[in-house]
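First the proteins, then the strands, lettered A, B, ... as listed; each starts at 1.
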Protein chains: 4
Amino acid sequence: MDLRPRDTDKGWKRTGYSIIFESDTRAGLLFDIVLLVVIALSVALVMLDSVRTVNARYGTYLRAAEWFFTILFILEYLARLLVVRRPLNYVFSWLGIVDFLATVPALAALLLTGSHYLVAIRTLRLLRMFRIFKLGQFVGEGEFIVMALKASRFKILVFLTAVLTLTIAMGTLMYVVEGGENGFTSIPKSVYWAIVTVTTVGYGDISPVTVLGQTLASVLMIMGYAIIAVPTGIVSAQMAGTQTTPYKSPAFKQVICHVCRATEHRPDAEFCWHCGEKL
Amino acid sequence: MDLRPRDTDKGWKRTGYSIIFESDTRAGLLFDIVLLVVIALSVALVMLDSVRTVNARYGTYLRAAEWFFTILFILEYLARLLVVRRPLNYVFSWLGIVDFLATVPALAALLLTGSHYLVAIRTLRLLRMFRIFKLGQFVGEGEFIVMALKASRFKILVFLTAVLTLTIAMGTLMYVVEGGENGFTSIPKSVYWAIVTVTTVGYGDISPVTVLGQTLASVLMIMGYAIIAVPTGIVSAQMAGTQTTPYKSPAFKQVICHVCRATEHRPDAEFCWHCGEKL
Amino acid sequence: MDLRPRDTDKGWKRTGYSIIFESDTRAGLLFDIVLLVVIALSVALVMLDSVRTVNARYGTYLRAAEWFFTILFILEYLARLLVVRRPLNYVFSWLGIVDFLATVPALAALLLTGSHYLVAIRTLRLLRMFRIFKLGQFVGEGEFIVMALKASRFKILVFLTAVLTLTIAMGTLMYVVEGGENGFTSIPKSVYWAIVTVTTVGYGDISPVTVLGQTLASVLMIMGYAIIAVPTGIVSAQMAGTQTTPYKSPAFKQVICHVCRATEHRPDAEFCWHCGEKL
Amino acid sequence: MDLRPRDTDKGWKRTGYSIIFESDTRAGLLFDIVLLVVIALSVALVMLDSVRTVNARYGTYLRAAEWFFTILFILEYLARLLVVRRPLNYVFSWLGIVDFLATVPALAALLLTGSHYLVAIRTLRLLRMFRIFKLGQFVGEGEFIVMALKASRFKILVFLTAVLTLTIAMGTLMYVVEGGENGFTSIPKSVYWAIVTVTTVGYGDISPVTVLGQTLASVLMIMGYAIIAVPTGIVSAQMAGTQTTPYKSPAFKQVICHVCRATEHRPDAEFCWHCGEKL
């Protein structure tokens, strides 16, 4: 879905688009940075507002600031609608939905009282940061991580299924072994405990008391200890693979020298490494 | 142990087998998916039933549903027995044992009162999920993880032995240093604490109080910190190895010397490394 | 900024410099080792002094020792100023600032009462240890880690931004779900909880109580479990890469094209990839 | 230090040595396995004895069993002394010291009352298990781990120094920020807290209460989160390197074909892979 205005569109629309949506011009980069600062400020204010002592003293100012930011974001949202080729394409794009959720419900929440914490959905807008990174050195890194994770998504899914089955089985067992008086009041709660344990978080809000329970917990912990190696291994291997593959065929020019039939030329090679012929 | 019915068996038996045991036909896949949903539902109900407030209000309905599911699973178990070539081969197969444990004891537990949580063994049936995955993209991933773990099983065993020796030694030491008044009431409990610590779970239900105890615990933690690198390193290296297998067959010429039957020649070898014969 | 005194400087200055700043002579190495021991001793004394029982009994002796060490460090600082080429270059170098902070504020803090814990900034001087390591086998290792971390710095930054966004979003959600009566008294505190959880530290000073909260926490933990794989994978891949560097120079022909000055030819290249010239 | 008896020694001595010290004969393997079971039993008894309820009921039996095992181990120790070439070489070997500590102090501890937990030093004897592994498939794995750890020992040392400096600096800071009333009663205790935090153990026996303290703790946790990647990366890279290096030059025959100058022959190659010439 191309959001870029047509070349036949009016100049202000094309300029507006390049400022608001792109960040490869001076003005566009400035807009994105200012926007990020405003988002961060807005999130910070909501966070501060939730602290009772701050709320008691500066509550009215903070509420005013929230109104100000919400109106600002609505204006921004409208501006975005104005400059894109087809507004609906933007509205239902991933970023468009996040932008909408960050403005309109916040307005509704401000009008009705109380639950103005919906504003916190704005945090997601901070991910917009990665769009700026696109400009610079970050593009490779971000894509690299996403690529490695994406390539491993089935491995990770299979792994999570196995972990979930393990925690449900272990949780039920511990519910039977420990029972409600030791904090394992229900199977869901015991499964919660098993997840807390196998991920090595270990709050200690629930912990086994009986000897059998502690033995089972020890087994679960050591399993978790061994298991934690799996996702790490997956991603490491994937990353190592992603990193070295550039050296393999995909990174080489997909061309065969018409003289000596040599392949695997540098991606930017203009001459055959084997016979010196022009490629 | 081949469970598949003979080609000379009646048509309904072969059709039944392909539906119940296989998942490469439309009906077979549907059967497996429905079965998984029913298993998940049954497990979810047992989990819900264990929550006191839910039990108090919907207990009778949940108990009825459990009866329903148990009978359903018994019927499924009988159907499986009917369509396989030799029922006993199925009964004593790994999946057959899990299926049995998930149905008959549940029935017994329902008839006698109280311990109906045995039903939770059904969770293990969820692993049947992986059989469906066999069909699609998951097969490689699942096998990949299993293969990597299997290849590392001795390394992991050696590692766990070392960790266990460490935790027993440290646990005993802490029992002597801290003593019962600080929670280290017995050596087994202290070993439990050492496992909780070295796996970085850290419940905090038992934690050192004396200066010497805290120093020893710090040493144990930092050791655990360094040690946790080992299984991860093992699996990572294994996975990277499995993935790139530079040393294994693919990197070698797929050719057998016609004189000395030697294999594993360099990919670009023109002569046998063993007898010097032209390949 | 070269701190080394000029060759035309007096002999005592050049000898002093080689003793105080370098560690490749016998005297220089001895000076550095003695200095490290004195720093470690001084840090140990401040640590001991903070223990109430020790302070009560040996307080006056410890205070005297601190005076002694502080004066010693001031003398050392002055000596350093004396032997370098341009004192200001040293004063504003990274090590110079650390040295200053470790002496003069300590003096001020000792003169004024109470906050003599500033002395603990001396701990940073222990990093001077790495300078000695330069001599021996450590140089490669230290540089190796620094290099791997440096090469991964953008990946790590991108990763931390993502983690921070996740914890802010999750923290806010938990604040709304759990509320102040369960310990989530403000959004900043909830974010603190989210960080404690996602890093698998899990103090348990704040932990979810409601069913929804525990479910969300479980999701966060399992995410953290999968996420922790990312930095490890980054560094592992980086280190494996740095170590084997299959794509870097060693794998390329160490030759520069005499026509176009291109480098990084295939190891078996016979012609320049850039201009086709015979190498 | 060769412990093996001379060929001129009496037959019973050589037979005894092969049974007690080696495990490549049927009798020797049996001896080692029985010994391991007895050690495990003895450790298990000490562990059980420390449980108050067990002690109260079976105390006298357990004490008798401990006497029995201690005498057994002393006999074993004397037998070992008898069959080795030079007893003193054995006494001062690593295994000899462990064997001594596991027997004589236990005897002393049993004669004097109370501290019979020294017996727990026997746990270390379980590491003798690895000697049996030497026989089978474990030899490679155990050596592999040891080799990888050994190759990484400087990296790990540098890393631990950095972690220690970080925890001392952070601990002191937190001591100043949080103060004694929040559990940070002294700098050593604060350093203990920092280690608990940075290793992601997180007992929660001490946890920050002030806003500044929680912020600093969050920074420390995220640092620990990133830092934990380093040792894992080191070992992973090391292991991957150890695993793949067999394919690199060291694993190849260090020989150049005198006809075609080809290198990198298989380690067991007898003929050049390139021209078929005898190497």
Side-chain angles (χ1 to χ4, degrees), chain C residues 43 46-52 54-55 115 117-121 123-124 126-127 129-130 133 137-138 140-142 144-145 148-149 152 156 159-160 163-164 167 188-189 191-192 195-196 198-206 228 230-244, chain D residues 152-159 161-162 164-166 168-169 171-173 175-176 180 185-191 196-209 211 214-215 217-222 224-230 232-238 240-241 244-245 248:
Chain C
V43 169
V46 178
M47 286 176 72
L48 273 178
D49 192 29
S50 71
V51 183
R52 199 165 304 158
V54 175
N55 193 336
S115 64
Y117 298 116
L118 280 173
V119 170
I121 211 164
T123 314
L124 290 179
L126 286 175
L127 290 173
M129 201 179 302
F130 289 105
F133 293 162
Q137 216 160 349
F138 284 88
E141 313 302 339
F144 180 67
I145 291 178
L149 280 180
S152 307
I156 288 173
F159 174 70
L160 287 184
V163 167
L164 222 65
T167 49
K189 200 157 205 166
V191 171
Y192 160 73
I195 293 174
V196 168
V198 95
T199 54
T200 77
V201 171
Y203 287 132
D205 52 347
I206 312 167
I228 210 171
V230 174
T232 310
I234 291 169
V235 177
S236 293
Q238 201 63 47
M239 286 193 165
T242 319
Q243 209 170 36
T244 55
Chain D
S152 307
R153 68 186 181 286
F154 285 112
K155 282 197 202 75
I156 288 175
L157 203 64
V158 167
F159 175 71
T161 309
L164 222 66
T165 309
L166 175 70
I168 290 177
T172 312
L173 209 55
Y175 172 69
V176 175
T185 48
S186 70
I187 296 185
K189 199 157 206 165
S190 301
V191 171
V196 168
T197 298
V198 95
T199 55
T200 78
V201 171
Y203 287 131
D205 51 347
I206 312 166
S207 61
V209 175
V211 172
Q214 293 183 340
T215 309
S218 298
V219 170
L220 184 60
M221 278 176 240
I222 288 180
Y225 199 49
I227 285 173
I228 208 170
V230 174
T232 310
I234 291 170
V235 177
S236 292
Q238 201 62 46
T244 54
T245 33
K248 294 278 154 140

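Under the side chain to side chain contact (heavy atoms under 4.5 Å, CB included) criterion, D:Val209 pairs with D:Glu178, D:Asn182, not counting sequence neighbours. Every residue meeting the side chain to side chain contact (heavy atoms under 4.5 Å, CB included) condition with D:Leu164, not counting sequence neighbours, appears here in chain and number order: B:Ile222, D:Thr167.
With a threshold of 4.5 angstrom between heavy atoms, C:Val196 approaches chain D through its backbone and through its side chain. Using a 4.5 Å cut-off between heavy atoms, D:Val198 makes no contact with chain C at all. Contact annotation for D:Thr197: both backbone and side-chain heavy atoms come within less than 4.5 Å of a heavy atom of chain C.
Taking all atoms of both residues into account, the shortest heavy-atom contact from D:Thr185 to D:Gly180 is CG2-O, 3.6 Å.
By the 4.5 Å heavy-atom criterion applied to side chains, C:Asp49 and D:Ile187 are not counted as neighbours. Taking the side chain as every heavy atom from C-beta outward, C:Met47 and D:Tyr175 never approach each other to under 4.5 Å.
Note: C:Ile195 leads C:Leu48, C:Val54, C:Val163, C:Ile195 in heavy-atom pairs under 4.5 Å with chain D. Counting heavy-atom pairs closer than 4.5 Å to chain C, the top-ranked of the candidates D:Ala217, D:Ser190, D:Gly204 is D:Gly204.
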